[in-house]
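We count ligands from 1, going down the list as the structure has it; atoms in each ligand are counted the same way. Please read these numbers as outputs of a predicted model, since none were measured by experiment.
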Amino acid sequence: MLADNNRFKREVLGPIEQVVGTRGLITDRSEMQTYMLAWRDSWEGRVPAVVRPATTEELAAVVRICAATQTPIVPQGGNTGLTGGGQPHDDDSEIVISTARMNRIRDINVDNNTITVDAGCVLATIQQAAKEIDRLFPVSLGAEGSCQIGGNISTNAGGVQVIRYGNTRNQVLGLEVVLADGRIWNGLRGLRKDNAGYDLKQLFIGAEGTLGIITAATLRLSPLPKKTATALLATASPQSAVAWLGRARAMLGERLTSIELIERVCIDIACKFNDRIQDPLDTRYPWYLLVELADQDPEDDLENRLLNAFGRGLEANELLDGVVASSAEKAAALWRIREEIPEGHRREGVSFKHDVSVPISAIADFIAQANEALGKRFPGIRSFAFGHLGDGNIHFNPLQAQGGQADEWKARLSDVNRIVHDIVVRLDGSITAEHGIGQLRIDEIDHYKSEVELEMMATLKKALDPMNLLNPGKVIPRRFM
Ligand code: FAD
């Protein structure tokens, strides 16, 4: 228990306060609460202090104090992660370092199409700054008003535009990182080509704060689309959705920026918990696609292109119905349906969350096999699937049977995981496509990754963080450390 420990107060908290001042240090339990609780209330941590440095130099000095006193650290950004990676354990054994005060845009280089930002910049702020210079920062996800770029990079966040722009990794050109011993690595290079040795930044992208603390990033900007067209299309099955995806790609090419697969139950639940959500179609269908096109050319008749692809899909029986948004407001209303699914899902009852990816050709098999296997083992369990069709990434989150006891369903988590993840692995997929390992999947990664892969990961961890001070108990199973 660090909190009651006088040596901790004297050797750790005192020196940290000298570095960050009283503004940068929280030790009051109620003030720390927002840093302790995960978005889904799934984890609640307990620490003696949350440290909020204002600069890279301050953060590095804090890490040096932690290294000298062997104090474990949990790096935290916007705390919107879904796997407990940013949550400390609940035994007062760690401190949280939050990047919330490190939120400056350091530089915008129009000719180089880059923006350099502090790690604590909120994603929506970066999107807006890019827009103001007629550029796009394309990482886009439901939590964009709260999540920070350091967290996005550390989780290699995906989101709704990966099919066109790639995930966060594709946007990162350079990083500044504080290492576990408190040294600062300045790799803020805005280069498209750099073969001078190992591409070290890649190590920290998706490392969930276990190898270093990202303090700044140089990010690639893309041309800002001048026009978009959005539609909600109905389809009979994931199989017909995949068939239409192939057609849409051939007809629309790079203009296809989003294609989200949504099971009917997801729309029901989004509507149930939010009066502002309305189903735009009169008839109910089993599956839907939320589709967006974008183009740089303001003259391009995108709506017509979308209608054409829609019409061809109807002729081929890949699609059953649909609506193309006739205004920006109507397009926003269609997106609201998709954005409200996670919140509706959270409120509906016990659910089992899987963030899996499989080859696009295996999506339909995955959903069918997983539902069949779960239905046999747990009668009444309700299918609940949505996701990023073009990335093969399905959020497969079955709900407890209607009226069942919550505690009984919660006790089935590991059995449900085993059934779903076995199918994913059989289909050559991944047990986490975009949310990462954190605490949630640490046993699963131990079960499914090969020993050689886990050993390589542990070797990297030991090389960069030999005292295991950065986010211990996350990503790397404890038996390796
Ligand atoms: P946090 O939650 O604070 O931290 C996440 C991890 O990164 C932790 O392991 C933490 O220790 C580490 N970390 C944070 N900052 C740093 C840093 N500076 N240096 C080193 N390590 C750090 N995710 C997707 O990929 N796609 C989606 O579509 C998506 N949709 C979402 C929708 C909703 C409604 C919500 C609540 C979440 C969604 N997420 C999604 C998950 C989440 O928003 C992302 O994982 C996001 O990238 C996390 O950013 P954050 O700043 O909140 O990080």
Considering only N or O atoms, set out every pair between ligand 1 and the protein closer than 3.5 Å, with distances to one decimal place.
from	atom 1	to	atom 2	distance (Å)
ligand 1	2 (O)	T80	N	3.1
ligand 1	2 (O)	G81	N	2.7
ligand 1	3 (O)	G77	N	2.8
ligand 1	3 (O)	G78	N	3.4
ligand 1	3 (O)	N79	N	2.8
ligand 1	9 (O)	G85	O	3.3
ligand 1	9 (O)	E208	O	3.2
ligand 1	11 (O)	P75	O	2.6
ligand 1	11 (O)	N471	ND2	3.1
ligand 1	18 (N)	I214	O	2.9
ligand 1	19 (N)	I214	N	2.9
ligand 1	21 (N)	S154	OG	2.9
ligand 1	21 (N)	G209	N	3.4
ligand 1	25 (O)	G158	N	2.9
ligand 1	26 (N)	G159	N	3.4
ligand 1	26 (N)	E434	OE1	3.3
ligand 1	26 (N)	E434	OE2	3.1
ligand 1	43 (O)	T80	OG1	2.8
ligand 1	45 (O)	T155	OG1	3.4
ligand 1	47 (O)	N152	ND2	2.9
ligand 1	47 (O)	T155	OG1	2.9
ligand 1	51 (O)	G78	N	2.8
ligand 1	51 (O)	Q148	N	2.8
ligand 1	51 (O)	Q148	O	3.4
ligand 1	52 (O)	G78	N	3.4
ligand 1	52 (O)	N79	N	3.1
ligand 1	52 (O)	T80	N	2.8
ligand 1	52 (O)	T80	OG1	2.7

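Note: H395 and F386 have tilted aromatic rings, judged against thresholds of 30 and 60 degrees for the angle between ring planes. Note: F396 and H354 have tilted aromatic rings, judged against thresholds of 30 and 60 degrees for the angle between ring planes.
For S30, the side-chain hydrogen bond (donor to acceptor under 3.5 Å, both in side chains) partners two or more places apart in sequence, or in a different chain, are D28.
Counting only distance, with no hydrogens or angles, the side chain of N79 and the backbone of L37 share a donor-acceptor pair below 3.5 Å.
A donor-acceptor contact under 3.5 angstrom links the side chains of N371 and S383, judged on distance only. In this structure, a donor-acceptor pair under 3.5 Å is present between the side chains of E44 and Q33.
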